[in-house]
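Read through the structure below, which is laid out as structure tokens, and then see the notes.
The basis for the numbers below is simple: all heavy atoms, side chains too, and nothing from hydrogens, waters or symmetry mates. Atoms within a ligand are numbered from 1 in the order they appear, just like the ligands themselves.
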Amino acid sequence: MLVIATSDKGGTGRSVTACNVAYQRALLGHDTCYLDFDFGSPTSGAVFGVDEVYHGVESGGLHHYLQGQVTEPQRIDVWRSSSRRELRARRSVAGRLVLFPGDLGGGEFNMTRDVYERCVKLLIRLNEEFGLVLIDLSAGRSHAAEMLLAVTADDELRRRNMEARWLVFHRWTRQHITAAADLVDGRSGLVQVGQDLGYSEGSLRDRIRFVRTAVIEPDSAFARGLQATQQTWLREVNSNLNDRAIQLGLGRSVVIASIPLDPVLQWREQLLTDSDVQDDVANKETVQAFQRLAEDIETGDTWSRP
Ligand SMILES: Nc1ncnc2c1ncn2[C@@H]1O[C@H](COP(=O)(O)OP(=O)(O)O)[C@@H](O)[C@H]1O
Ligand SMILES: [Mg+2]
């Protein structure tokens, strides 16, 4: 299964959530790989705690592979390479967790026929090797996003029954909701470009779900710590945001996850492990939300027509 993570804006929590979901998915026993397609800002090494690829690799990452500079992209065994002790200890009980990093100082490049074919070849191969292939795109409309729409609408992938699913990440604010809706439905958005590239509108929409990140639910423990006036205000804003989300087609039926605002992630981009929760620095609810998404990313119910 291919899952493609995208967002209209940067700083939505897309990469941090996607890395945590990949981690939880591997902990469930599924072989999982993470492809850093955010060529301008490949930060997944930092989130996984792999210090030597903090901001991508010197050479031989996905960027270079797609451009034909190497025949195989570099792979990193996260269990073995993470600087976090808990990860190294979990290795034997989990599925594989492999990071395909981007290259340092990458950036956008032209998606030629050769690039396209290398991408198809890689995805077909990784899909056979891993239960989940999670691809993290850059923010906004990018050449890479367009290429992945083309690739996943491709007959070859359909013939092989390769399912692609799209997760659109956004924060729970007015601007972010509007931007996420525009990325899907606006001019040159996913739906329009996807149709130009061979998707039918219905089949593409069936494959798109939204992920709300860093959300403060009015009934959460966090909100209960606010002053009464702030709680009232939060309730009202939250209700307005819900109305707006429904108006723009981002209502509950198309939301696959809502990840709570977490104090640890607010200050550091990282995986949340059991020990972060046991030490009472990260919230249990956040980890549970990642776990649920790691399960729901596959289950039929979540993806049946809303
Ligand atoms: N659930 C969350 N609660 C609080 N902060 C978060 C949460 N998820 C992500 N963040 C923080 O938001 C910032 C942007 O996240 P990141 O994943 O890098 O965004 P993107 O990939 O969309 O650009 C990071 O500092 C990250 O740690
Ligand atoms: Mg990112």
Per-atom contacts of ligand 1 with [X], taking only distances under 4.0 Å to non-hydrogen atoms:
X: Gly10; value: 23 (O)
X: Leu261; value: 3 (N), 4 (C)
X: Arg268; value: 27 (O)
X: Gln266; value: 4 (C), 5 (N)

Find out whether Glu163 and Leu2 are in side-chain contact, i.e. whether some heavy atom of one side chain is under 4.5 Å from a heavy atom of the other.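 They are not in side-chain contact.
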Counting C-beta onward and ignoring hydrogens, is there a side-chain heavy-atom pair between Asp136 and Phe37 closer than 4.5 Å?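 Result no, sub-4.5 Å side-chain heavy-atom pair not found.
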Do the side chains of Tyr116 and Met111 join up, straight or via other hydrophobic residues, at under 4.5 Å, putting them in one cluster?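 In one cluster: yes.
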Any link between Trp166 and Val191 through a network of hydrophobic side chains (Ile, Leu, Val, Met, Phe, Trp, Tyr) touching at under 4.5 Å?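 Yes; tracing contacts between hydrophobic side chains, which count when under 4.5 Å, links both residues.
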For a distance under 2.8 Å, tell me if Ser15 has an N/O/S atom near the Mg ion (ligand 2).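 So Ser15 counts as coordinating the Mg ion (ligand 2), yes.
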Sub-4.0 Å heavy-atom contact, [X] with ligand 1:
X: Cys19; result: no
X: Gly11; result: yes
X: Asp262; result: yes
X: Arg171; result: yes
X: Thr43; result: no
X: Gln270; result: no

With a 3.5 Å distance limit and no angle check, can you tell me whether Asn283 reaches the backbone of Thr286 through a side-chain donor-acceptor pair?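 Pair absent, no side-chain N/O of Asn283 close to backbone of Thr286.
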Starting from [atom], what is the nearest protein heavy atom, named by residue and atom, and what distance separates them?
atom: atom 11 (C) of ligand 1; value: Leu265 O, 3.3 Å
atom: atom 25 (O) of ligand 1; value: Glu269 OE2, 2.8 Å
atom: atom 17 (O) of ligand 1; value: Val16 N, 2.8 Å
atom: atom 21 (O) of ligand 1; value: Ser15 OG, 2.8 Å
atom: atom 22 (O) of ligand 1; value: Thr12 OG1, 2.6 Å
atom: atom 1 (N) of ligand 1; value: Pro260 O, 2.9 Å

Among side-chain atoms of Gln270 and Asp276, is any donor-acceptor pair under 3.5 angstrom?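 Yes - a donor-acceptor pair under 3.5 Å links their side chains.
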Under 3.5 Å, is there a donor-acceptor pair between the Thr232 and Thr229 side chains?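 Distance-only check fails for Thr232 and Thr229.
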Parallel, tilted or perpendicular: which fits the ring planes of Trp79 and Tyr23, with parallel below 30° and perpendicular above 60°?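 Taking Tyr23 first and then Trp79, their aromatic rings sit tilted (interplane angle of 30° to 60°).
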Trace of the ring pair (Phe, Tyr, Trp, His ring centres under 6.0 Å) decision for Phe100 with Tyr65: CA-CA 10 Å; Phe100 288 81; Tyr65 164 77; 8.9 Å; no
Nearest heavy atom to atom 19 (O) of ligand 1 wins, so pick from Ser41, Gly13, Ser44.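 Going through Ser41, Gly13, Ser44 one by one, Gly13 has the nearest heavy atom to atom 19 (O) of ligand 1.
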